[in-house]
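Questions regarding the structure given below will be posed in turn.
Here the structure is a predicted model, which means the values were calculated and not measured. Side-chain atoms are counted along with the backbone in the values below, which use heavy atoms only and exclude waters and symmetry mates. Counting starts at 1 for both ligands and their atoms, in listed order.
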Amino acid sequence: MTTQQLTEQIKKKQSFLCIGLDVDLNKIPQHLLQEEDPIFAFNKAIIDATHHLCVSYKPNTAFYEAYGIKGWQALEKTIQYLNEKHPDIFTIADAKRGDIGNTSSMYAKAFFEDLAFDSVTVAPYMGKDSVEPFLAFKNKHTILLALTSNQGAFDFQTQLVDGQELYKQVLETSKTWENSENLMYVVGATKAEYLADIRKIVPKSFLLVPGVGAQGGNLQEVCKYGMTKNVGLLINSSRGIIYASNQEDFAQAAALKAEEMQKEMAIILNHAL
Ligand SMILES: O=c1ccn([C@@H]2O[C@H](COP(=O)(O)O)[C@@H](O)[C@H]2O)c(=O)[nH]1
């Protein structure tokens, strides 16, 4: 999917919501545990109930890897279901990969070719040759960690290196890499006040913004500083939506939470654009 197609979907659905599919078997409704594949059964119900309210889904691979082969198979079934039933939805593998070049190439193949995700999150720490193998894939997107939502972001990302914060160096340097038009960036919603500065460096790039809901980030603040004329934002919420209820009504409860966010987004879009 191109960024232009993503923007069209955002305008059509009046939503820039990304729903995180972070499935924890201890948190899903207990009746699903009788299903042959409880993780996929949960995801399918959530997707069926919410797909008209969001433009993106983001499974975090940790929640699948934790369940071994069965978890990976559930991830595979989930992405196949999304690509078959909802090809207009932007898919993100939140895997935070990155390694020496030939290894990164294999990660990129795994997520872009085998699983056919539209995008994958990548850590910038190993530099240009660790990221460019992901960027080489046409119409696929590499979402580079810039300023993350957690407290530990202040350990390195905001530290000065040669007089400039490390996260700003990540943004600036990554723009010089080959196929940098395929880059997006992760910026935590809990760091909304940094977005004005971030937009000076990457005025047009899409930002994946996790951290609203369970982590306390504020949607209005993020939009105030981070929205562009093409929107340029994907706001992620995982636990705040998918665990709205752990009873039989879990999918409807998730849809209600997603609808609350979509309505707030529609108002913002109507004022901003
Ligand atoms: O800076 C980051 C980068 C990634 N994440 C991931 O996003 C979701 C957030 O889940 P919530 O339940 O809405 O808090 C989760 O997969 C994180 O690993 C992030 O939170 N911050």
### Query
Pick from Asn236, Asp94, Leu233: which one makes a side chain to side chain contact (heavy atoms under 4.5 Å, CB included) with Leu208?
Asn236

### Task
Quick one: look up the protein heavy atom nearest atom 13 (O) of ligand 1 and list residue, atom name and how far away it is.
Ser238 N, 2.9 Å

### Message
What protein heavy atom lies closest to atom 20 (O) of ligand 1? Include the residue and the distance to one decimal.
### Response
Gln215 NE2, 2.7 Å

### Message
Given 3.5 Å as the limit, does a donor-acceptor pair link the side chain of His86 with the main chain of Tyr81, or not?
### Response
no

## Note on the structure
ligand 1 to Thr148, heavy atom cutoff 4.0 Å, flagged ligand atoms 1 (O)

### NZ/NE/NH1/NH2 to OD/OE distance under 4.0 Å, Arg97 and Asp99
no

### Message
Lys77 vs Asp37, test: salt bridge (charged side-chain N to carboxylate O under 4.0 Å, His left out). Steps then yes/no.
### Response
CA-CA 10 Å; Lys77 276 156 83 177; Asp37 184 343; 2.9 Å; yes

### Query
Under 4.0 Å from any heavy atom of Lys58, which atoms of ligand 1 are there?
6 (C), 7 (O), 8 (C), 15 (C), 16 (O)

### Query
Hey, are Lys12 and Glu8 close enough for a salt bridge, meaning a charged N less than 4.0 Å from a carboxylate O?
no

### Query
Are Leu269 and Val55 in one and the same hydrophobic cluster, where Ile, Leu, Val, Met, Phe, Trp and Tyr link if side-chain heavy atoms are under 4.5 Å apart?
yes

### Task
Output yes when the distance from some N or O of ligand 1 to some N or O of Asn150 is under 3.5 Å, and no in every other case.
no

### Query
Taking everything shown except Lys257 itself, do over 12 heavy atoms lie less than 6.0 Å from its NZ?
no

## Note on the structure
In this structure, atom 18 (O) of ligand 1 is nearest to the protein heavy atom Asn60 ND2, 3.0 Å

## Note on the structure
The closest protein heavy-atom partner of atom 1 (O) of ligand 1 is Ser149 N, 2.8 Å

### Summary
A student comparing Ile242, Asp22, Thr190, Ile143 should find that the heavy atom closest to atom 16 (O) of ligand 1 comes from Asp22

### Query
Which of the numbered atoms in ligand 1 are below 4.0 angstrom from a heavy atom of Lys96?
3 (C), 4 (C), 18 (O)

### Ionic contact status for Asp197 with Lys168, cut-off 4.0 Å
yes

### Message
Under 4.0 Å, heavy-atom basis, I'd like to know which part of Asp94 is in contact with ligand 1: side chain, backbone, both or neither.
### Response
side chain

### Query
Which atoms of ligand 1 have any heavy atom of Asn236 under 4.0 Å away?
7 (O), 8 (C), 9 (C)

#### Entry: Protein heavy-atom partner closest to atom 12 (O) of ligand 1 - residue, atom, separation in Å
Arg239 NE, 2.6 Å

